[in-house]
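Structure, as structure tokens:
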Amino acid sequence: MDAYEYLSVLNKEQREAVVHSGSPLLILAGAGSGKTRVITTKIAYMISELGINPYSILAVTFTKKAANEMQERAVLLEPQAVKSQIRTFHSFGSWFLRRYAEEAEIDKNFTVYDDDDMVSLLLKEFPEMNRQQAGGVAHKISRAKDYCLLPEDEDKFSLYNLELTKEVYERYQNRLRQTGNVDFGDLIMLPVLLLKQNEKIRADIHSRFKVVMVDEYQDSNVAQFALLEQLAGPETYICVVGDDDQSIYKFRGAEVENILTFQDHFAGTQIIKLETNYRSVPPVLALANSVIKNNKNRLGKNLVPFRIGEKKAVLSFLSNQDDEVEYVCNLIQKSHREGVPYADWAVLYRTNAQSLGFETEFLHKKIPYSVVGTLKFYQREEIKDALSFLSFLANPKDEVAFSRIVNKPSRGIGEVRQEKILETYKNNANSTLLEKYSLIDACLDTVSSFPAKAKTGLNSFIQVVQNLQTMLQENSANGEDKSLVEQLAEVSLKSDSSSLQGDLETQVVSDSFKSTKRLSELVEKMIKDSGFQEYYENQDEISHTQKVNNLQELINSASLYSLSFQGLSDFLDHIELDRTLELADEEEENPDRVTLITVHNTKGLEFPRVVLTGMENGLFPRGDKDEDEIEEERRLFYVGITRAKDELYFTSCGFRRMYGHTEVSQPSSFLLELDRKNVVFNGNVPIAFRSEKSSVGKSFNQSTMEGRWKRGVKIYHDDYGYGYIMATDDSGDEYLISVQFESGMVKRFMPRYQSNRLTIIND
DNA sequence: GACAGTGAAATTTTT
DNA sequence: TTTCACTGTC
């Protein structure tokens, strides 16, 4: 495609952003304002019109999904963009650390520890802690790393409310370094430190990346900002894109300040605002604007609709979760009968736990769906076991992985004997002469002291590991240090030659694909030889689980990688850095599915029809939030609303089951902020929503009928016992209430005439 | 070191 | 209601 062609579909501001060069650029892009189009066009434009080497362009995003989409779209506009680095922050960190592993003093074959692994490691270092305490510490260490704080920065911990001591953090960090692995925080923090202190690497990186772009910049944290600062050389072109109204990861260290103060840090910054929304119909935008304007801490902007349409949103008040599920099913099924594809629908919720009800009923009603972003698959016991085994093969110093697999299935290596192996390991590994000393060596050195049963068990374990390692070695090509794409990219930078490179690249890659065995062979062998297969077959039989199937799924996904150390490392990286499992087979068979997804996960996505469920106080917004946190919840609500293209629905329940108990719930206070002109009500509408006037004054007034006998109030009736007011009705001459009793029975009363039999219970 | 029995906690949001 | 960590027994 010709540059004029792809520029011509942009509006004035978008085009301005695309062709901008020279000074740093901050693009404030409202929801649905064509942000991705601008970034991808900009990448294509820089390559084809400005003659910038694609290899020197780095674009970082927040999620893998966004990164993939960005790369795909950029490549469509400009094929050379395949050579650009388009990655998530964390995957960039991983790439960087593998490249400079030696300088960073970590193992080149490191694997990434997730939160669970952090906890396991902490428990090893601090046996006196329980799991929960270790979890708390892990969380605080992660936060410290988000702020790029080292143990010696102890005096700054209190600034961020981190109840963490230098000693604990330091001991954890040392132990982690011993394993040769890194955690998520390290993936950002270590590159920052290395770039700060190593001039050569800094120069190296500055000469490589001439352009650095950051998407979803509002969700970057302090460490990520520091990384951006380090990546920016004197001649680097920096361009960040974000929307302060969509900052929803403060709980994880995101700093809205990064976007609010960008121009202070990067001198001469130009700001371009994109406020035309191409996604949603006007009522949706009016609702979004009416909500977000209640936030004080924002730069301030208004979405201006491009589209036309006047279909109002629908807010339904339902009695309980079951009704909510039923209502959503009906919406979807009715529209489907009218020819609307399932895939047009997305059901959004605040917490993952809420998906269950929908899943059950969708299955029952045969509504195809897919749940986005549940980590469940990789948290399953059998999958973690298999992955630990693979991690151990990649890095035989990984003690967390080792402990997890050495005695599973039972080989007679209990805690005491594991301790002994670890001790042997530490004694030998600490003497610098034996840098290559692994946990397997420690096993070999310890095994002779064990009694017969343990000896046999451990020997067979060693044997399995060694066989698999041999298999890996035999199939790893010589000097296979870098991936093929990387090698080719480097050649291309040096010779900077023709457009043949794209062809050359695909050719070589596909050749290697043909000639190399698949990693799935190794995974399959590992699962059989380790005894996992048999172990989980037995479990499946006893408790009717699907564990062997899940393992099979893991084997399948490994078939995309080559059988080599590089392939293994890529596979593990891919899994650690992108936990969303693509259910490729199932999805390909029938891509027409309803999307079930948390509001957080919808960032960057859009759907023709959106249902925002569970709009109740305590759930959305979640309870015990201070004003700042309420603002973040409000931004989250704003993100949810702005996902909708054509139709938007809200649901709110009067009762919600939690922990097996049914609790009364009040409609979300955010619903009161919705612009009434653009929403219609449905179901048992609470008084607060009946008219503008009554929304504040009346309903809180204890002296009126409506004030006292309101929805959710617990009552006692002499004849029927305890119950809740599930609906009220003031449309007639007399004020009416509907009460649901514990028996399940629903009765209507006129409270004025029941004062001797009906009492309000104050808990 | 496996297992049953108990009691308490659990549901934020994720790279 | 379900799950998980902890305890005591074999």
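Per chain, numbering begins at 1; letters A, B, ... match sequence-line order.
Here the P atom of nucleotide C:dC6 and the CD atom of A:Gln133 are 9 Å apart, to the nearest Å. One can place NE2 of A:His139 at 11 Å from C1' of B:dT13, the figure rounded to the nearest angstrom. We find that NZ of A:Lys408 is positioned 14 Å from P of B:dG1, with the value rounded to whole Å. Taking atom CZ of residue A:Arg411 and atom C1' of nucleotide B:dG1, one finds them 15 Å apart after rounding to whole Å. Rounded to an integer number of Å, the gap from CG of A:Asn601 to C1' of B:dT12 is 12 Å. One interatomic measurement links the two molecules: CG of A:Leu577 to P of B:dT15, which rounds to 10 Å at whole-angstrom precision. In this structure, A:Leu348 places its CG atom 13 Å from C1' of B:dT13, rounding to the nearest Å. Between the CZ atom of A:Phe358 and the P atom of B:dT11 there is a distance of 19 Å, rounded to whole Å.
Distances shorter than 4.0 Å separate none of the side-chain N or O atoms of A:Thr63 from OP1 or OP2 on B:dT14. The side chain of A:Gln224 places no N or O atom within less than 4.0 Å of a non-bridging phosphate oxygen (OP1 or OP2) of B:dT15. Of the side-chain N and O atoms in A:Asn221, none sit less than 4.0 angstrom from OP1 or OP2 of B:dT15.
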Where do N or O atoms of nucleotides 1-5 of chain C meet protein N or O atoms at under 3.5 Å, pair by pair?
residue : atom : partner  : partner atom : Å
C:dT1   : N3   : A:Tyr659 : O            : 3.3

Dump every N/O contact between nucleotides 8-10 of chain C and the protein below 3.5 Å, one line per pair.
none

What N/O pairs connect the protein and nucleotides 2-7 of chain B at under 3.5 Å? Give each pair on its own line.
residue : atom : partner  : partner atom : Å
B:dA2   : OP1  : A:Ser410 : OG           : 3.4

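Inspection of the A:Asp146 and A:Tyr249 side chains reveals no N or O donor paired with an N or O acceptor under 3.5 Å. In summary, the side chains of A:Asp398 and A:Thr179 do not present any donor paired with an acceptor at a separation below 3.5 Å, with no hydrogens or angles considered.
A:Phe62 comes within 4.0 angstrom of sugar-phosphate atoms only, judged by non-hydrogen atoms across all strands, and of no base. Using a 4.0 Å heavy-atom criterion, one finds that A:Glu632 contacts no nucleic acid atom at all. Among the heavy atoms of the strands, none lies under 4.0 Å from A:Ile597.
Checked against side chain to side chain donor-acceptor pair (under 3.5 Å), A:Gln173 has the following partners two or more places apart in sequence or in another chain: A:Lys145, A:Asp186. In this view, A:Ser449 and A:Lys420 satisfy the side chain to side chain donor-acceptor pair (under 3.5 Å) rule, not counting sequence neighbours. In terms of the side chain to side chain donor-acceptor pair (under 3.5 Å) criterion, A:Arg411 has no residue partners (sequence neighbours excluded).
The closest donor-acceptor contact from the side chain of A:Asn295 to the backbone of A:Ile292 lies at 3.5 Å or more, if one exists at all. Checked by atom type and distance alone, the side chain of A:Asp183 never pairs as donor or acceptor with a backbone atom of A:Asp114 at under 3.5 Å. Checking side-chain atoms of A:Gln218 against main-chain N and O of A:Ile259 turns up no donor-acceptor pair under 3.5 Å. Of the possible polar contacts, none joining the A:Arg298 side chain to the A:Asp245 backbone as a donor-acceptor pair under 3.5 Å is found.
Mapping A:Ile413 and A:Leu636 onto DNA chain B by nearest heavy atom places A:Ile413 closer to the 5' end of the strand.
Rounding to the nearest 0.5 Å gives a distance of 4.5 Å between CG of A:Asp385 and CZ of A:Arg404.
Ring orientation note: the planes of A:His600 and A:Phe251 are nearly perpendicular, at an angle over 60° on the 30°/60° scale. Ring geometry for A:Phe209 against A:Phe92 counts as perpendicular: the plane angle is over 60°, on a 0 to 90° scale with 30° as the lower cut.
Contact annotation: side chain of A:Arg622 to base of B:dT11, donor-acceptor pair absent below 3.5 Å.
Between B:dT14, B:dT15, B:dT11, one nucleotide has an atom nearer to the side chain of A:His90 than all others, and that is B:dT15. Checking B:dA10, B:dT15, B:dT11 against the side-chain heavy atoms of A:Arg252 singles out B:dT15 as nearest. Each of B:dT12, B:dT11, B:dT14 was ranked by its minimum atom distance to the side chain of A:Tyr249; first place goes to B:dT14. Nearest to the side chain of A:Phe184, among B:dA9, B:dT14, B:dT15, sits B:dT15. Of the listed nucleotides (B:dT12, B:dT15, B:dA10), B:dT12 has the atom at the smallest distance from the side chain of A:Thr351.
Only the C1' atoms considered, B:dT14 is 22 Å distant from C:dT3, to the nearest whole Å. Separating the P atom of B:dT11 from that of C:dC6 is a span of 16 Å, rounded to the nearest Å.
The one candidate from A:Glu69, A:Met213, A:Met70 that meets the side chain to side chain contact (heavy atoms under 4.5 Å, CB included) condition with A:Ile86 is A:Met70.
An aromatic stacking contact links A:Phe251 with the base of B:dT13, defined here by ring centres under 5.5 Å apart and ring planes under 30° from parallel.
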